[in-house]
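See structure below.
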Amino acid sequence: MSARVPVSERAAFVELSRFRTAFYGCLTARADAFFELTDALLCADGPVRTPVELSLTAEHRRGYGSLYGALNHGRLDTGALLELLASLPLPRFNGRLVLTVDVSPWLRSDAACAPERLFCHVHGRSKAAAQIIPGWPYSFVAALTPDRTSWTQVLDVVRLGPADDAASVTAGQLRRVAEHLVAAGQWQPGDRDMLIVMDAGYDVMRLAWLLRDLPVEVVGRLRADRNLRLPKPPRVHDPRGGRPPRHGKAFRLADPATWPEPSVITVNDTSRYGKAEAQAWDRLHPRLQQRSAWIDHTSELPVIEGTLIRLNVDHLPRNRDAPPVWLWSSATGASADDVDFIWSSYLRRFDLEHTFRLFKQSLGWARPRMRDPQAADRWTWLIVAAYTHLRLASTLTTDLHKPWEKTTRPGTVLTPTRVRRGFRHLRPDLPCPARVPKPSRPGPGRPPGSKNRHPATRQNVGKTVKRPSTLYERDRARP
């Protein structure tokens, strides 16, 4: 431990040092090149424009060939790295873990020879500016912080392939993260369930059913044109007989005439949105049909009940109009405090967008022009490890602001960009398990003037597996 580290910061310094040593142990092949590439990411001046420029930094003692050799042929144990990330101190909302999941694309529209690309939906500044561009979509799971900040803790990342079912992959990813958190002692029996918030692109009801055996509560946003069902009415004797109903009356989100009296109503004053009014209805559920995602369900279709919340605020930031937001939680019997906790936690989901912007604009996540998707996966995990370095060093670096930048108020945590600016001054005091490079000469490569006799194959874009959406299509596909 360095003597220059103040006593009040020793715990954070020890945690960062432990993480660096354990992270080196997760690198199973070309570990030294991987580790120095991560340090170069953290200590480079300004945004990363291309990975090869990182080999010119003083922290990267090897040649540029080792950099690409590690990305193309190296190996890292993602399971051990996930276990390491789950063991770190995580932010909590009054002692409760709040996670989020979202997809960010690595666009590769001009990479005709890159395999396993999908059509990624890219949002524009207006509805008419949205585009569909080929790329690699990556699903991230992160732990959120209760304050308004640009910090999150990314725990896992998975690339969605052409043959994958997005809901099944997301459920498996969330299950893996939750099990690692439980094994690491982040959740103990008797604690409140971990809250997982997500946006409208996910089938929140199906995810709640797939994760029903875990200590998690799933919260997702619903489209305003959805139709749900109220709880089934009490059973009464009918002389005509017949099967009792499984569902109540229809609850149409776009038709206020179908809304009964809410079970919970809360009103709060906020500084960013004005008055926030939340209405909640208990035990609302969808009426499932044996098609699409439920086509292979052999037993009776389940009734997945939860709490429906309608959040209405006066305005968005910069006095923009705010349409109502519909949220569905897999927990039933929510109180007024639970309803306020759910919608306030959902609003913290947008902090992950700042993490994506840092990955792409500062750390250069989508800058490399790689052909192999496995190499892209290794680069993505290095970006996650570098970001974790910054989060653990957020209280150890000083504010090296430029003359035209605002100073950070005392007691305020620095932004990730400013922490990265001061990480180079902290690195000499941290352990560096990477070994000194051995002198060598570069390989001969392809002789000058010779042609490439093994050109790359052009790859198609899109899904490779078409799943039946109706029972008729399923029966016809069977031999």
Side-chain angles (χ1 to χ4, degrees), residues 1-2 5 10-44 48 51 54-55 57 59-62 66-67 69-71 73-90 138 140-143 151-158 176-177 180-181 183-186 355 358-359 362-365 374-397 416 419-420 422-424 426-437:
M1 182 182 299
S2 175
V5 180
R10 290 293 176 89
F13 184 85
V14 169
E15 189 66 36
L16 177 58
S17 301
R18 184 188 70 87
F19 174 76
R20 285 174 63 85
T21 305
F23 169 63
Y24 182 80
C26 298
L27 308 175
T28 56
R30 302 183 184 244
D32 299 329
F34 269 137
F35 194 86
E36 290 192 356
L37 177 57
T38 306
D39 276 355
L41 271 170
L42 294 168
C43 300
V48 176
L54 298 175
S55 64
T57 60
E59 290 75 16
H60 194 277
R61 299 173 293 180
R62 289 163 169 78
S66 66
L67 185 149
L71 293 177
H73 306 291
R75 292 192 304 273
L76 55 88
D77 190 350
T78 57
L81 187 52
L82 172 58
E83 182 179 355
L84 174 61
L85 294 174
S87 65
L88 297 176
L90 298 179
Y138 279 86
F140 292 83
V141 176
W151 287 103
T152 61
Q153 174 54 58
V154 179
L155 299 173
D156 190 25
V157 56
V158 171
R176 184 169 58 253
V177 171
H180 277 82
L181 291 175
Q186 301 284 2
T355 302
L358 176 78
F359 283 5
S362 297
L363 299 181
W365 171 44
Q374 282 71 32
D377 296 344
R378 301 183 192 104
W379 173 255
T380 303
W381 275 107
L382 289 186
I383 296 292
V384 172
Y387 179 73
T388 306
H389 276 80
L390 297 179
R391 190 182 73 87
L392 296 177
S394 59
T395 59
L396 300 175
T397 56
V419 173
R420 179 170 175 255
F423 192 87
R424 170 172 286 178
L426 177 65
R427 181 183 175 274
D429 298 328
L430 295 171
C432 184
R435 294 165 293 184
V436 177

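FYI, side chains are in, hydrogens and waters are out, and symmetry mates aren't considered; it's all heavy atoms of this structure.
The side-chain heavy atoms of Val154 and Thr388, taken from C-beta on, include no pair separated by under 4.5 Å. Asp32 places none of its side-chain heavy atoms less than 4.5 Å from the side chain of Val436. Considering only heavy atoms from C-beta on, Cys43 comes within 4.5 Å of Arg427 through its side chain. Looking only at side-chain heavy atoms (C-beta outward), Asp429 and Phe13 come within less than 4.5 Å of each other. In this structure, the side chains of Leu41 and Trp379 come closer than 4.5 Å at one or more pairs of heavy atoms. The shortest distance between side-chain heavy atoms of His60 and Leu54 does not fall below 4.5 Å.
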Before you tell me yes or no, could you show the steps for Leu426 and Leu16 under side chain to side chain contact (heavy atoms under 4.5 Å, CB included), namely the whole-Å CA-CA distance, both residues' side-chain angles and the distance that decides it to 0.1 Å?
CA-CA 11 Å; Leu426 177 65; Leu16 177 58; 4.0 Å; yes
Please report the C-alpha distance between Val419 and Ser394 in whole Å, then the side-chain angles of each, then the deciding distance to 0.1 Å, and finally whether the side chain to side chain contact (heavy atoms under 4.5 Å, CB included) criterion is met.
CA-CA 6 Å; Val419 173; Ser394 59; 4.3 Å; yes
The test is side chain to side chain contact (heavy atoms under 4.5 Å, CB included); show your working for Val158 and Tyr138 and say whether it passes.
CA-CA 6 Å; Val158 171; Tyr138 279 86; over 6 Å; no
Give the C-alpha distance, both sets of side-chain angles, the deciding distance and a yes or no for side chain to side chain contact (heavy atoms under 4.5 Å, CB included) between Arg62 and Leu67.
CA-CA 8 Å; Arg62 289 163 169 78; Leu67 185 149; over 6 Å; no
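By the neighbour-count criterion of 12 heavy atoms within 6.0 Å, atom CD of Glu15 is densely surrounded, having more than that number from other residues, nucleotides or ligands.
Taking the six-membered ring for Trp and the full ring otherwise, Phe140 and Trp365 have centroids separated by under 6.0 Å.
Although no hydrogens or angles enter the test, the distance criterion places no donor-acceptor pair under 3.5 Å between the side chain of Thr397 and the main chain of Phe423. Panel note: side chain Gln186, backbone Leu88; a donor-acceptor pair is recorded below 3.5 Å. Side chain of Arg378 to main chain of Gly74: a donor-acceptor pair is present (N/O by atom type, distance under 3.5 Å, no hydrogens or angles).
The two atoms that bring Leu390 and Trp151 nearest to each other are O-CH2, 3.4 Å, heavy atoms only. When all heavy atoms of Phe35 and Pro431 are compared, the pair lying nearest together is CZ-O, 4.5 Å. Residues Leu85 and Leu155 approach most closely at CD1-O, 3.6 Å, considering heavy atoms. Nearest heavy atoms, Arg20 versus Pro433: O-CG, 4.4 Å. Nearest heavy-atom pair across Arg435 and Tyr24 is NE-OH, 4.0 Å. When all heavy atoms are compared, the tightest approach of Arg420 to Val48 is NH2-CG2, 3.6 Å.
Considering Leu181, Val141, Asp156 in turn, Asp156 is the only one that fulfils the side chain to side chain contact (heavy atoms under 4.5 Å, CB included) rule with Arg176.
Note that CG of Leu358 and OG1 of Thr152 are 9.0 Å apart. Values are rounded to the nearest 0.5 Å. Annotation: the span from Glu59 atom CD to Glu36 atom CD amounts to 9.5 Å, rounded to 0.5 Å. To the nearest 0.5 angstrom, Thr78 atom OG1 is 6.0 Å from Trp381 atom CH2. To the nearest 0.5 Å, atom CG of residue Leu392 and atom CZ of residue Arg18 are 9.0 Å apart. The structure places SG of Cys26 at 8.0 Å from CZ of Phe19, a figure rounded to the nearest 0.5 Å. Taken to the nearest 0.5 Å, the OG1 atom of Thr38 stands 4.5 Å off from the CG atom of Leu382.
Arg424 has no carboxylate O lying under 4.0 Å from a charged side-chain N of Asp39, or vice versa, which leaves the two without a salt bridge.
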